[in-house]
Amino acid sequence: ASGSPSESPGAVSTHDNDHEDSDVDPLISKFPKFVEWVRSHDGFVDDRVTIGYEPGSNIRGMITTADIPAKTEIMHIPKSLIIGGVDWCQDFETIKKEMDMGPLSKWFDYFDFDDSSGSRLPLEWDRSDEPGSARRELQGLTPDDFTHRHIDWFEGDWGCLSGKEMTDLDFQAFKIYLTRSMHLGLVPIYDLMNHHNGKINTYLEDDDEGGVSVLSLVDIPAGFPIYNTYGRSGEKSTNDLFGQYGFVEDYPQLWRWNDSGLDKLAQEKEDHAYQRYVTTGNNDVNSDENPNHLGKWLNRLNFEPNSPFYEVLVISPTVAALLPTKHLTGALGNGQLSLDGWRSEIDNHHATLRSSQVDAIHNNAMRTLNSLPTTIEEDEEIIRIEKRRMERLKEFGREDANAADVVMAIEFRLAFKKALRLTMEVATREREAFFKDTDEL
Ligand SMILES: C[S@@+](CC[C@H](N)C(=O)[O-])C[C@H]1O[C@@H](n2cnc3c(N)ncnc32)[C@H](O)[C@@H]1O
């Protein structure tokens with residue numbers, strides 16, 4: 001009962017601030033026309049999906065209008081609708097050419113419905129780290145060192161622009177590709193799903209001709225967001241996602257950081273004790289991206305750490321796994337796990353984690369927190385003040401991009417600090433649970 005071109009789904013707007021009426025919000029009201037365009041080019045879209053602003057976050061994304069049982073094909077996008085899939089630079093050129101053609105492009109309806117200019121990325125921040133800048137507000141925390149990495153490469157001598165100046169159209173094409181493409185290229189309608197590693201409810205199946213289907217992983221109730229993931233199996237940390245997309249993901253969060261001081265010491269001195277605590281090597285399991293999700297991680301008895309850096313997997317404000325294994329992070333983006341399910345996985349993990357490693361991450365989290373210029377409580381107050389300032393500016397009709405960037409940066413560092421504080425709490429609270437090395441008994 002779905003998918004015929006004459007049955008275009010409606011669109012709902014639950015947004016309560018800027019987009020009160022879906023009739024006047026083209027980012028919502030143009031959805032039926034967009035779906036018709038997909039279908040008229042041999043794409044398939046289930047009638048039970050629409051577009052709306054997600055309650056809570058107010059982020060536009062795909063939502064169900066009726067129950068969708070598990071293992072249902074929700075969309076199929078044939079290769080003929082996908083742009084690119086060759087490499088960054090060629091895909092960029094194709095996108096730019098099509099955008100430039102305006103209504104004459106086959107993808108006009110796709111570009112017309114796109115919302116990538118509505119998101120703000122750290123690479124759009126002012127580059128300076130003078131007081132008052134968003135970069136300065138990161139207080140040196142990762143991704144302070146790579147906020148502009150993608151654009152620097154893209155514009156640079158070895159990137160797609162080879163040092164040429166970037167035009168507005170270049171930037172538009174660059175941004176849509178950076179924020180929306182996947183391994184097959186730029187995939188219309190697929191890219192309307194938002195990210196959630198915990199409530200992930202879809203998986204992908206490539207077809208034999210270069211197209212792709214999205215299927216439901218679990219039963220999805222009516223009115224629920226349809227989620228994708230940007231970092232399957234713990235491949236990308238919460239810091240990475242913030243650095244690239246500019247949002248702090250919901251739980252579960254995977255925070256990753258480095259101890260630059262100790263790193264230097266370890267490099268200078270091979271037998272430094274740091275070597276005992278930090279593992280090295282590549283995260284090879286995570287490059288084995290299996291779109292068929294479940295099962296891959298379930299049977300894996302794997303004690304290998306997910307990352308050579310300090311890492312904490314935060315499940316809720318009080319539950320976290322210190323130095324998670326690949327086995328644990330393998331669940332991220334591949335399936336849903338209840339809080340009790342996480343707790344029992346984490347208990348098993350902590351029972352095998354050496355106390356000496358726990359001490360190292362605890363001490364590092366403490367040192368990092370103590371070295372930062374503001375506390376969690378101060379940040380909470382600063383955000384309140386900054387937000388009020390922004391609201392006042394808005395009332396006077398002035399939108400200040402830098403003020404919004406600053407709030408974004410402070411919100412990120414606050415979430416990071418909470419993860420560091422939780423790391424210390426878990427290390428202390430569960431002291432008895434960790435594995436005691438024989439020389440520590
Ligand atoms: C592939 S698009 C997803 C659909 C998009 N929101 C839209 O309406 O077209 C990716 C962009 O959506 C936003 N996004 C996706 N998941 C998000 C989340 N969990 N929190 C905040 N923003 C999110 C980010 O701006 C990201 O760059």
Side-chain angles (χ1 to χ4, degrees), residues 11-15 18-19 22 25-31 33-35 37-38 45 49-64 74-75 77 82-84 95 107 109-125 143 147 150-151 171-202 204 212 214 224-232 236-254 314 332-333 401 404-405 407-408 411-412 415:
V12 294
S13 175
T14 55
H15 211 236
D18 310 314
H19 308 276
S22 67
D25 180 359
L27 290 174
I28 297 293
S29 64
K30 285 186 178 176
F31 184 68
K33 181 165 173 266
F34 175 58
V35 169
W37 171 80
V38 174
V45 186
V49 301
T50 189
I51 193 90
Y53 291 97
E54 284 179 16
S57 69
N58 270 345
I59 307 288
R60 189 185 77 159
M62 202 174 256
I63 298 180
T64 54
I74 301 175
M75 319 168 226
I77 302 96
I82 298 177
I83 314 180
I95 294 165
W107 284 278
D109 288 281
Y110 170 62
F111 295 131
D112 193 39
F113 194 57
D114 173 47
D115 185 28
S116 40
S117 63
S119 67
R120 179 88 174 163
L121 311 180
L123 61 80
E124 294 172 85
W125 290 356
T147 47
H150 285 105
I151 200 158
F171 186 69
Q172 231 179 309
F174 164 80
K175 189 169 176 183
I176 195 174
Y177 195 66
L178 182 74
T179 57
R180 309 182 84 91
S181 65
M182 48 92 95
H183 67 284
L184 295 172
L186 207 48
V187 185
I189 204 153
Y190 155 88
D191 67 359
L192 290 180
M193 290 183 288
N194 282 327
H195 163 105
H196 204 302
N197 266 340
K199 296 181 185 159
I200 176 93
N201 49 20
T202 60
L204 303 181
V212 65
V214 177
F224 207 80
I226 302 180
Y227 285 120
N228 190 10
T229 177
Y230 302 154
R232 230 173 267 280
K236 289 215 168 125
S237 66
T238 301
N239 315 65
D240 292 330
L241 289 184
F242 181 77
Q244 178 159 346
Y245 301 105
F247 67 85
V248 180
E249 65 179 330
D250 198 358
Y251 301 125
Q253 299 168 339
L254 185 63
V314 179
L332 298 176
D405 293 345
V407 169
M408 194 168 145
E411 278 178 339
F412 171 80

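Source: prediction; values computed, not measured. Remember, it's 1-based here, ligands and their atoms both numbered in the order they're listed. Heads up: numbering here begins at 1 and tracks the sequence.
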| message | Within ligand 1, which atoms have a heavy atom of N194 less than 4.0 Å away? | response | 3 (C), 4 (C), 5 (C), 6 (N), 12 (O), 13 (C), 14 (N), 15 (C), 16 (N)
| note | Short version for E249: what comes under 4.0 Å of ligand 1, heavy atoms counted, is neither
| query | Which protein heavy atom lies closest to atom 22 (N) of ligand 1, and at what distance to 0.1 Å? | reply | F247 CD2, 3.5 Å
| Any idea which protein heavy atom is nearest atom 19 (N) of ligand 1, and the distance to it? | H195 O, 3.0 Å
| message | Taking only non-hydrogen atoms of M193, do any sit less than 4.0 angstrom from ligand 1? | response | yes
| field | Aromatic plane relationship, Y110 with W37 - under 30° parallel, 30 to 60° tilted, over 60° perpendicular | value | parallel
| task | Check for a donor-acceptor pair, side chain of T229 on one end and backbone N or O of N197 on the other, with a separation under 3.5 Å. | result | no
| query | Counting heavy atoms only, which part of L192 comes closer than 4.0 Å to ligand 1: side chain, backbone, both or neither? | reply | both
| query | Between Y190 and N228, do the side chains contain an N or O donor and an N or O acceptor separated by less than 3.5 Å? | reply | yes
| message | Testing the basics here: between F242 and P122, what is the closest heavy-atom pair and its distance to 0.1 Å? | response | O-CG, 3.3 Å
| query | What atoms of ligand 1 come closer than 4.0 angstrom to any heavy atom of Y245? | reply | 27 (O)
| field | Nearest-neighbour protein heavy atom for atom 9 (O) of ligand 1, which is reported as residue plus atom name and distance | value | R180 NH2, 2.6 Å
| message | Please check this pair: side chain of E411 against backbone of M408, looking for a donor-acceptor N/O pair closer than 3.5 Å. | response | no
| Are R180 and F113 in a cation-pi setup, meaning NZ or CZ lies under 6.0 angstrom from the ring centre and within 45 degrees of the ring axis? | no
| Polar side-chain atom of H196 near backbone of Y227 as donor-acceptor pair, under 3.5 Å | no
| Subset of ligand 1 atoms that lie under 4.0 Å from at least one heavy atom of T179 | 1 (C), 10 (C), 27 (O)
| field | Which of the ligand 1 atoms, numbered from 1, are nearer than 4.0 Å to a heavy atom of S119 | value | 25 (O)
| said: Contact between N194 and F247 at the side-chain level, heavy atoms closer than 4.5 Å - yes or no? | reply: no
| task | Give the atoms of ligand 1, by number and element, whose distance to some non-hydrogen atom of D191 is under 4.0 Å. | result | 1 (C), 2 (S), 3 (C), 4 (C)
| note | protein heavy-atom neighbour closest to atom 10 (C) of ligand 1 works out as Y230 OH, 3.0 Å
